[in-house]
Structure formats: structure tokens, C-alpha cells
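A quick write-up on the structure given underneath.
Just so it is clear, the values below take in all heavy atoms, side chains as well, and ignore hydrogens, waters and symmetry mates.
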Amino acid sequence: MNREEMIQDIFYKLPHTFRRMSAKIRPPSGGKKQTFMLLHAISHNDNKPMSFYSDFLMIPKSNLSVASDQLIAEGLIERVSTIEDRRVICLRITESGKNYMRECQNQMIRNTSDQLSVLSDGDIEELHGHVLGIVGVLEKIYAEEKSVQN
């Protein structure tokens with residue numbers, strides 16, 4: 001079991017843990033944590049409308065507008081209109097934003113590796129198994145919620 005692979009699973013399958021593990025990462029321009037969370041969401045779900053990110057991050061659109069303005073000013077993301085409906089504004093990560101996120105990801109992996117260094121390889125495998133088990137159960141819950149909504 002590769003420790004880095006397990007860390008990636010924790011980050012991307014358990015967002016609360018990601019927030020805790022990324023606590024030492026300084027958001028762009030010293031902005032709010034929401035700014036960093038938005039950039040992270042865009043880096044994994046590029047070219048989506050603001051409403052998508054608002055729902056995904058559970059943050060009001062007005063707060064995301066402020067965060068997106070900061071990221072645009074720094075050249076990390078850009079706004080684009082869709083061809084189908086020019087009123088719909090999507091957010092897209094720039095090359096500079098991708099580079100920034102790679103640096104952040106490397107720093108988070110180093111920080112998390114340091115935190116997990118107290119665990120043996122057996123503990124890491126056990127933890128990874130539990131993470132995957134939790135994710136499996138949560139995915140069933142989310143699938144049920146979606147079927148009830150439709």
C-alpha cells in the first residue's frame with residue numbers, strides 16, 4: 001500500500017479530513033479558506049457554473065462571487081460564458097492555478113505524511129481499508145438521497 005495513494009483517497013473521498021489536513025496551507029493572497037476551497041473544487045471539477053460550486057461547497061453564491069473575484073485577480077481562474085446560454089458563467093482554472101494547486105497538493109502530502117509517520121505500514125493499510133469502507137457506505141447513502149429526490 002502506497003502511503004501517498006492512501007492520503008489522496010482521504011483527501012478526495014472525505015472532504016472534512018481534507019479541510020483539516022489542508023489547514024496549514026495558506027490561501028492565495030492570504031484570503032479566506034473559502035477561496036482555497038473554491039480553487040480546489042474548480043481544479044477537480046473544471047468549467048462548471050457557479051451554482052455547481054455553491055452546491056458542492058455548501059457556500060452561498062454571494063460568498064463565492066467574492067472568492068472567485070480574488071482568484072481571478074490573481075490569475076488563478078477565469079470566467080467563461082457557455083455557448084448554449086451566455087447568462088451562465090462558468091469558472092475555469094488557469095495554468096497558473098494548476099501550478100499553484102500542484103504546489104499545495106505536494107505540501108499537503110508532505111504535511112499529512114509527517115502526521116501519519118507515527119503509524120506502521122499495517123496501521124496505514126488498516127486505516128485505508130476503513131476509509132474505503134466509510135466511503136462505500138456514504139456513497140450508498142448519497143445514491144439513495146438522489147433516487148428519493150428524483
Side-chain angles (χ1 to χ4, degrees), residues 2-117 124 127-128 130-150:
N2 180 336
R3 286 178 185 245
E4 188 170 318
E5 180 183 326
M6 195 267 318
I7 291 168
Q8 293 291 339
D9 283 342
I10 289 174
F11 283 167
Y12 302 112
K13 295 180 180 170
L14 297 173
H16 174 73
T17 305
F18 167 77
R19 286 187 177 140
R20 183 173 171 94
M21 298 295 195
S22 65
K24 293 180 181 179
I25 302 295
R26 186 178 167 93
S29 292
K32 294 183 179 180
K33 196 67 167 176
Q34 287 179 351
T35 307
F36 178 71
M37 295 306 293
L38 175 59
L39 183 59
H40 180 263
I42 296 168
S43 72
H44 288 278
N45 302 284
D46 200 20
N47 211 26
K48 302 278 188 201
M50 285 284 282
S51 57
F52 171 85
Y53 300 113
S54 178
D55 293 343
F56 182 76
L57 296 170
M58 296 180 280
I59 297 172
K61 282 187 203 175
S62 58
N63 291 13
L64 285 187
S65 291
V66 172
S68 65
D69 288 344
Q70 290 174 342
L71 294 171
I72 289 167
E74 293 184 40
L76 301 174
I77 66 169
E78 59 188 2
R79 282 192 179 98
V80 291
S81 298
T82 63
I83 295 170
E84 301 84 31
D85 187 350
R86 294 207 176 276
R87 295 171 296 175
V88 176
I89 303 297
C90 295
L91 300 177
R92 185 175 11 191
I93 193 163
T94 62
E95 207 51 48
S96 177
K98 289 177 186 177
N99 291 336
Y100 176 80
M101 285 309 297
R102 272 192 287 275
E103 291 171 21
C104 289
Q105 183 176 7
N106 290 337
Q107 185 179 350
M108 286 187 295
I109 288 171
R110 283 191 304 274
N111 292 345
T112 305
S113 290
D114 290 346
Q115 291 173 329
L116 297 176
S117 65
I124 292 292
L127 175 61
H128 192 223
H130 291 306
V131 167
L132 295 178
I134 290 168
V135 168
V137 171
L138 291 175
E139 286 174 349
K140 288 179 186 176
I141 292 169
Y142 298 148
E144 179 63 26
E145 284 178 2
K146 284 183 183 179
S147 68
V148 169
Q149 290 174 355
N150 294 331

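The closest side-chain heavy-atom distance from Lys98 to Arg102 is below 4.5 Å. Taking 4.5 Å as the limit, some side-chain heavy atom of Ser81 sits within range of a side-chain heavy atom of Ile89. No side-chain heavy atom of Gln34 sits under 4.5 Å from any side-chain heavy atom of Leu64. Side-chain contact between Arg92 and Ile77: absent, with no pair of heavy atoms (C-beta onward) separated by less than 4.5 Å.
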- Task: Step by step, work out the side-chain contact (heavy atoms from CB on, under 4.5 Å) result for Ile72 and Glu78.
- Result: CA-CA 6 Å; Ile72 289 167; Glu78 59 188 2; 5.6 Å; no

Q: Assess whether side-chain contact (heavy atoms from CB on, under 4.5 Å) is satisfied between Thr94 and Glu74, documenting all intermediate values.
A: CA-CA 10 Å; Thr94 62; Glu74 293 184 40; over 6 Å; no

- Walk me through it: do Cys104 and Phe36 pass the test side-chain contact (heavy atoms from CB on, under 4.5 Å)? CA-CA 10 Å; Cys104 289; Phe36 178 71; 3.7 Å; yes

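Within the model, atoms NZ of Lys48 and CG of Leu91 stand 12.0 Å from one another, a figure rounded to the nearest 0.5 Å. Taking NE2 of His130 as the start and CD1 of Ile134 as the end, the distance is 8.0 Å to the nearest 0.5 Å. The CG atom of Asn106 sits 10.5 Å away from atom CE of Met101, with the distance rounded to the nearest 0.5 Å. Separation of atoms CE (Met37) and CE (Met58) is listed at 9.5 Å; rounding is to 0.5 Å.
Taking the six-membered ring where tryptophan is involved, the planes of Phe56 and Phe52 are essentially parallel, since the angle between them stays under 30° and well short of 60°.
When all heavy atoms of Leu116 and Leu127 are compared, the pair lying nearest together is CD2-CD2, 4.3 Å. The shortest heavy-atom contact between Cys90 and Pro49 is SG-N, 3.8 Å. The two residues Pro60 and Ser54 come nearest to each other via the heavy atoms C-OG, 3.9 Å. Here the closest heavy-atom approach between residue Leu39 and residue Ile93 is recorded as CD1-CD1, 3.8 Å.
Distance alone, capped at 3.5 Å, is enough to place a donor-acceptor pair between the Ser117 side chain and the Asp114 backbone. Of the possible donor and acceptor atoms, one in the side chain of Tyr53 sits under 3.5 Å from a partner among the backbone N and O of Asn45.
For the side chain to side chain contact (heavy atoms under 4.5 Å, CB included) test with Thr35, the passing option among Leu76, Val66, Leu71 is Leu71; the others fail.
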